[in-house]
Amino acid sequence: QVRLVESGGGLVQPAGSLRLSCAASGFRLDYNAIGWFRQAPGKEREGVSCITSNDETTYYADSVKGRFTVSRDNAKNTVYLSINNLLPDDTAVYYCATTWDWLITPATFVDPKQYSIWGRGTQVTVSS
């Protein structure tokens, strides 16, 4: 079965850190760009980051630049999203999804329509 599974979410205090994981099963991530999205209650899904497969180019939404870092370990078939200096506004369900390098530009990486396989998400709650 082809799927993505996110993990690593939880309850964190403001200014804390987390590392989210996106693990693939049933297929190899090596040839896929992987995007990270988040959705807070009552809000639309927001693209926050993407990493390509060919040269591991990374993209970040302005709202997370400097605090989020996306990386990949193809040997582990996993992509990571490290989040530092967490803010209450980072509270959301975080999703990863697959796409292809040729679909991704600085403008399109935030568009959910460019992505095909989605995980079920992991909850991140930032609260004191």
Side-chain angles (χ1 to χ4, degrees):
Q1 184 179 5
V2 171
R3 62 177 186 164
L4 294 173
V5 178
E6 302 92 339
S7 62
L11 174 62
V12 187
Q13 291 189 342
S17 300
L18 276 178
R19 188 176 78 161
L20 307 182
S21 299
C22 171
S25 62
F27 71 106
R28 296 292 309 175
L29 283 178
D30 305 46
Y31 303 107
N32 292 102
I34 302 297
W36 284 94
F37 289 76
R38 66 184 181 185
Q39 189 164 19
K43 295 187 177 181
E44 292 188 355
R45 192 166 294 193
E46 174 192 19
V48 296
S49 186
C50 183
I51 184 167
T52 64
S53 64
N54 185 35
D55 56 4
E56 299 191 11
T57 300
T58 57
Y59 300 88
Y60 298 97
D62 289 343
S63 59
V64 306
K65 276 181 184 174
R67 299 189 301 118
F68 285 31
T69 303
V70 62
S71 61
R72 63 192 301 153
D73 186 340
N74 289 338
K76 294 184 178 180
N77 215 24
T78 300
V79 171
Y80 303 98
L81 184 69
S82 297
I83 309 174
N84 296 318
N85 191 23
L86 277 155
L87 306 172
D89 282 351
D90 294 323
T91 296
V93 178
Y94 283 73
Y95 302 88
C96 62
T98 64
T99 184
W100 302 105
D101 286 4
W102 58 84
L103 294 176
I104 297 304
T105 69
T108 64
F109 82 93
V110 295
D111 181 3
K113 296 190 297 295
Q114 305 299 328
Y115 296 80
S116 53
I117 301 171
W118 289 80
R120 300 182 72 175
T122 185
Q123 175 71 48
V124 172
T125 302
V126 184
S127 175
S128 55

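What's counted below: heavy atoms across the whole structure, side chains too, no hydrogens, waters or symmetry copies.
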When you measure from the side chain of [X] to the backbone N and O of [Y], does any donor-acceptor pair fall under 3.5 Å?
{"X": "Asn32", "Y": "Thr98", "result": "no"}
{"X": "Thr91", "Y": "Val126", "result": "yes"}
{"X": "Arg72", "Y": "Ala33", "result": "no"}
{"X": "Tyr115", "Y": "Trp36", "result": "no"}
{"X": "Thr52", "Y": "Thr57", "result": "yes"}
{"X": "Thr105", "Y": "Thr108", "result": "yes"}

Could you tell me the separation between the [atom1] atom of [X] and the [atom2] atom of [Y], rounded to the nearest 0.5 Å?
{"X": "Phe27", "Y": "Asn77", "atom1": "CZ", "atom2": "CG", "result": "7.0 Å"}
{"X": "Cys22", "Y": "Tyr95", "atom1": "SG", "atom2": "OH", "result": "13.0 Å"}
{"X": "Leu4", "Y": "Thr78", "atom1": "CG", "atom2": "OG1", "result": "10.0 Å"}
{"X": "Arg38", "Y": "Glu44", "atom1": "CZ", "atom2": "CD", "result": "14.0 Å"}
{"X": "Ile51", "Y": "Leu29", "atom1": "CD1", "atom2": "CG", "result": "10.5 Å"}
{"X": "Phe68", "Y": "Ile83", "atom1": "CZ", "atom2": "CD1", "result": "4.0 Å"}

Nearest heavy-atom pair of [X] and [Y]: which atoms, and what distance?
{"X": "Glu6", "Y": "Gly121", "result": "OE1-N, 2.8 Å"}
{"X": "Ile104", "Y": "Phe109", "result": "CG2-CB, 3.8 Å"}
{"X": "Glu46", "Y": "Ser63", "result": "OE2-OG, 3.2 Å"}
{"X": "Ser49", "Y": "Val70", "result": "OG-CG1, 3.2 Å"}

Scan residues 9-21 for pairs that pass side chain to side chain donor-acceptor pair (under 3.5 Å), counting only residues two or more places apart or in two chains.
-> Ser17-Asn84

